Amino acid sequence: MIRAIENCYAGLVVLDSSIVIGLVPEEYSPLKKLTKRQLEVLRFMASGDNNESISDKLCISEKSVENYINVIYQQLALDSQDGIQPRVKAALLFLKETGAM
């Protein structure tokens, strides 16, 4: 609850994770480049989970989560050159492509 309030205060979108879990990318989506596991990681990122939480939920190491996230950034050609963090871009892309926005 505290994280949700902090995220709202920071201007972030806060969604119930049960909503995000059911979202799937459209057929023409750039998310189709991602594997099932990469999409799982991205779903948790879009839900606001940090790397530690994702690793606990998927029963993998935090280093594995970091590796998945880096590959997601590469597959979706996301960088921070425009001042927006790739994690934010990835979450917004996921939410947009799955119809949550």
Side-chain angles (χ1 to χ4, degrees):
M1 183 60 105
I2 292 171
R3 185 175 64 185
I5 293 168
E6 290 171 343
N7 287 344
C8 284
Y9 181 76
L12 301 174
V13 175
V14 179
L15 294 174
D16 187 289
S17 60
S18 63
I19 294 171
V20 176
I21 288 171
L23 300 174
V24 293
E26 302 220 5
E27 192 167 324
Y28 58 85
S29 170
L31 300 182
K32 287 292 187 179
K33 298 176 186 178
L34 304 180
T35 66
K36 182 179 176 183
R37 180 61 110 185
Q38 291 165 346
L39 277 173
E40 286 179 305
V41 170
L42 185 52
R43 275 191 188 97
F44 287 123
M45 290 169 58
S47 295
D49 288 289
N50 62 25
N51 292 4
E52 181 181 6
S53 175
I54 295 170
S55 71
D56 290 344
K57 290 177 179 180
L58 295 178
C59 299
I60 59 176
S61 71
E62 272 191 73
K63 181 64 178 162
S64 293
V65 171
E66 291 172 16
N67 290 337
Y68 279 115
I69 291 171
N70 287 327
V71 171
I72 290 167
Y73 294 162
Q74 290 172 356
Q75 291 290 326
L76 300 178
L78 301 175
D79 59 37
S80 60
Q81 290 181 350
D82 57 3
I84 301 172
Q85 291 294 321
R87 190 178 191 106
V88 172
K89 289 181 183 178
L92 290 174
L93 177 64
F94 178 83
L95 294 171
K96 178 183 171 227
E97 292 295 318
T98 56
M101 284 183 64

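We use all heavy atoms of the structure for the numbers below, so side chains are in, but hydrogens, waters and symmetry mates are not. From a predicted model like this one, the values you see are computed outputs, not experimental measurements.
- Although no hydrogens or angles enter the test, the distance criterion places a donor-acceptor pair under 3.5 Å between the side chain of S55 and the main chain of E52.
- I60 is listed as a side-chain neighbour of R37, based on a closest heavy-atom distance under 4.5 Å.
- R43 contributes atom CZ, which lies 13.0 Å from atom CG of D49 (distance to the nearest 0.5 angstrom).
- Interatomic distance, CD of Q38 versus CD of E40, reported as 10.5 Å (0.5 Å rounding).
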Would you list the atom pairs, donor with acceptor, under 3.5 Å between side chains in residues 64-76 and any protein atom, with sequence neighbours excluded?
residue, atom, partner, partner atom, Å
S64, OG, S61, OG, 3.1
N67, ND2, K63, O, 3.4
N70, ND2, E66, O, 3.2
Y73, OH, R87, N, 3.3

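- E62 meets the salt bridge (charged side-chain N to carboxylate O under 4.0 Å, His left out) test with no other residue; sequence neighbours excluded.
- With contacts defined as side-chain heavy-atom distances shorter than 4.5 Å, the pair F44/K57 qualifies.
- Here the closest non-hydrogen pair linking A46 and A91 is CA-CB, 3.8 Å.
- Among all heavy-atom pairs drawn from I54 and V41, the shortest one is CD1-O, 4.1 Å.
- For residues 68-83, every residue pair satisfying the salt bridge (Lys or Arg N to Asp or Glu O under 4.0 Å) rule, not counting sequence neighbours, is listed here: D79-K89, D82-K89.
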